[in-house]
Amino acid sequence: MFSSSLYYLCPFNIEYHIFVSALLFVMWKNIGRTLDHQTNQKRLPAGGSCLLIGPVLGLLALASSITVLIIYIIHVEESVEAREAAISMFYCFGIVILACMTVAGALGLIIYRVEDWPMDTTPNPARTLDAKLLLGSSVGSWLLCWCSVVAVGGAQSYPSYRWSNLAYALLLVLEKCVQNLFVIESLYRRRREPGECSAHSTTAHEIFSVTASMAPPYDGIVNHAFESPDKHRDVLESSKTDKHMYDKKTKDVSLAIGHGAQDTPSRKRQVLKNVAIFLFMCNISLWILPAFGCRPQFDNGLEEASFGFSIWSTVLNFALPMSLFYRMHSVAALFEVF
């Protein structure tokens, strides 16, 4: 039992040493460094009860990945037809989930471009480490994808999963690029405060347009040398009426501005939260598959036939731990984004 469990515990051991090495490096780089108080402030989560689509789709992806894992492990050791069916099932599932993750990440990036939240450029070693680890650990998967594309292009055999392997490799590269952009942009974006938003966007047209209805009322100061008492009384009464109308209009405008500033960003933040939780669950799903034995790179034979057993095993020993670490670190980064 202990010897068989080592096969599944080995990825945890490799990820632990990679993560500890990265933390020790960033600790060494920041010895004696002081931070501003603003860099340690946590952003308060936006309230809302619309977090339904992201968790439901994420749980569906997680359940599907566990089902694929069980079927793959059962059928990959059987006949050649069963093995090819299991590998094709894995690639089809991977294509679907990677396409959904790419669309979700692209939606988050579009929202950031439309919303135009300011960038937070304050020095933050933890955030810098997250971005560098994401980009650095992506190299392993990109190397595997490049090898798969070369192997499919120069393959002498024609198994049923040949083109699905190619589509899976290309989508994996695209998905990691989009997810890296989304996570890094989420870490560096700063939510605009309501006062800052209203000062720049909502009241800009009021500053440069002065109308008679919104002009300040007459304050009651009269030059008695030129005005008669009757006219003085009429002016005071009209000034009271104008002041009352001015106060009412300014209150209505401020209420409209307040509601407009809180409604739309809140809905967009809810969409971003759904995207983050969906990617969170999908990365857990894609981490579970190779960590517990669903590794078609060992079983499909295309890359091994193209590069040879020794070269391909060396590539896998380097790239697979990096890929597992990428998924685990993406889960941590997306949890921070959420």
Side-chain angles (χ1 to χ4, degrees), residues 8-30 58 61-62 65 90 94 97-98 100-102 104-106 108-109 124-150 168-188 275-298 303 311-338:
Y8 301 103
L9 295 177
C10 182
F12 294 94
N13 187 30
I14 296 173
E15 292 166 16
Y16 170 78
H17 286 92
I18 294 174
F19 195 70
V20 169
S21 301
L23 287 180
L24 290 174
F25 175 75
V26 76
M27 289 170 62
W28 173 71
K29 290 285 289 183
N30 291 279
L62 182 60
S65 66
F90 172 85
I97 193 171
L98 289 175
C100 294
M101 293 174 69
T102 303
L109 289 174
N124 191 328
R127 185 173 57 193
T128 305
L129 176 64
D130 286 335
K132 290 181 178 179
L133 286 179
L134 282 176
L135 295 175
S137 57
S138 301
V139 175
S141 295
W142 291 338
L143 177 60
L144 286 179
C145 294
W146 177 80
C147 293
S148 297
V149 170
V150 173
Y168 176 81
L170 296 177
L171 264 177
L172 185 60
V173 174
L174 180 62
E175 183 271 330
K176 287 201 172 183
C177 292
V178 173
Q179 180 172 281
N180 288 342
L181 290 174
F182 173 73
V183 173
I184 293 173
E185 189 138 353
S186 300
L187 293 175
Y188 278 88
V275 170
I277 194 64
F278 173 70
L279 293 177
F280 176 86
M281 301 296 290
C282 288
N283 278 278
I284 293 177
S285 303
L286 294 177
W287 176 85
I288 287 175
L289 290 173
F292 291 96
C294 189
R295 301 167 186 172
Q297 296 87 357
F298 287 103
E303 293 86 357
I311 296 178
W312 183 236
S313 60
T314 303
V315 171
L316 288 178
N317 289 331
F318 167 77
L320 276 181
M322 297 290 288
S323 179
L324 290 171
F325 176 78
Y326 173 83
R327 294 300 175 187
M328 185 186 69
H329 188 66
S330 297
V331 167
L334 286 166
F335 182 78
E336 183 179 353
V337 168
F338 177 77

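Side chains included, hydrogens not; waters and symmetry mates left out as well; all remaining heavy atoms used. Since this is a predicted model, take the numbers as computed values, not measurements.
Of all heavy-atom pairs between Gly94 and Tyr168, the closest is CA-CE1, 3.7 Å. A pairwise comparison of heavy atoms in Ala106 and Val178 identifies N-CG1, 3.5 Å as the closest pair. When all heavy atoms of Met101 and Cys282 are compared, the closest pair comes out as SD-CB, 3.5 Å. Residues Asn283 and Leu279 approach most closely at ND2-O, 2.6 Å, considering heavy atoms. In terms of heavy-atom proximity, Ser65 sits nearest to Leu289 at O-CD2, 3.3 Å. Closest non-hydrogen pair, Gly105 versus Val275, comes out as N-CG1, 4.4 Å.
Note: Phe335 and Phe280 have tilted aromatic rings, judged against thresholds of 30 and 60 degrees for the angle between ring planes.
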### Message
side-chain contact (heavy atoms from CB on, under 4.5 Å), that's the test. Do Leu187 and Val183 meet it? Break it down for me.
### Response
CA-CA 6 Å; Leu187 293 175; Val183 173; 4.2 Å; yes
### Message
Assess the residue pair Ile277 and Leu334 against the criterion (side-chain contact (heavy atoms from CB on, under 4.5 Å)); give the C-alpha distance rounded to whole Å, side-chain angles, the decisive distance to 0.1 Å, and a yes or no.
### Response
CA-CA 7 Å; Ile277 194 64; Leu334 286 166; over 6 Å; no
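Atom CG of Leu143 is separated from atom OG of Ser148 by 9.5 Å, given to the nearest 0.5 angstrom. Between the CG atom of Leu172 and the CG atom of Leu144 there is a distance of 8.5 Å, given to the nearest 0.5 Å. Once rounded to the nearest 0.5 Å, the distance linking CH2 of Trp287 with CG of Leu324 reads 7.5 Å. Between the OG atom in Ser186 and the CD atom in Glu336 there is a gap of 10.0 Å [rounded to 0.5 Å]. To the nearest 0.5 Å, atom CG of residue Leu98 and atom CD of residue Gln179 are 9.5 Å apart. Remark: Leu286 CG to Tyr326 OH distance equals 10.0 Å, nearest 0.5 Å.
Considering only heavy atoms from C-beta on, Ile184 stays 4.5 Å or farther from Asp130 through its side chain. The side-chain heavy atoms of Cys177 and Phe182, taken from C-beta on, include no pair separated by under 4.5 Å. Residues Phe325 and Leu320 fail the side-chain proximity criterion, which asks for heavy atoms closer than 4.5 Å. Leu170 has its side chain out of reach of Cys145: every pair of non-hydrogen atoms, C-beta onward, lies at least 4.5 Å apart.
Under the 3.5 Å distance criterion, the side-chain polar atoms of Ser323 are left unmatched by any main-chain donor or acceptor of Ala319. Side chain of Ser141 to main chain of Ser138: no donor-acceptor pair is present (N/O by atom type, distance under 3.5 Å, no hydrogens or angles).
Between Arg327 and Glu175, at least one side-chain N (NZ, or NE/NH1/NH2) sits under 4.0 Å from a carboxylate O, which counts as a salt bridge.
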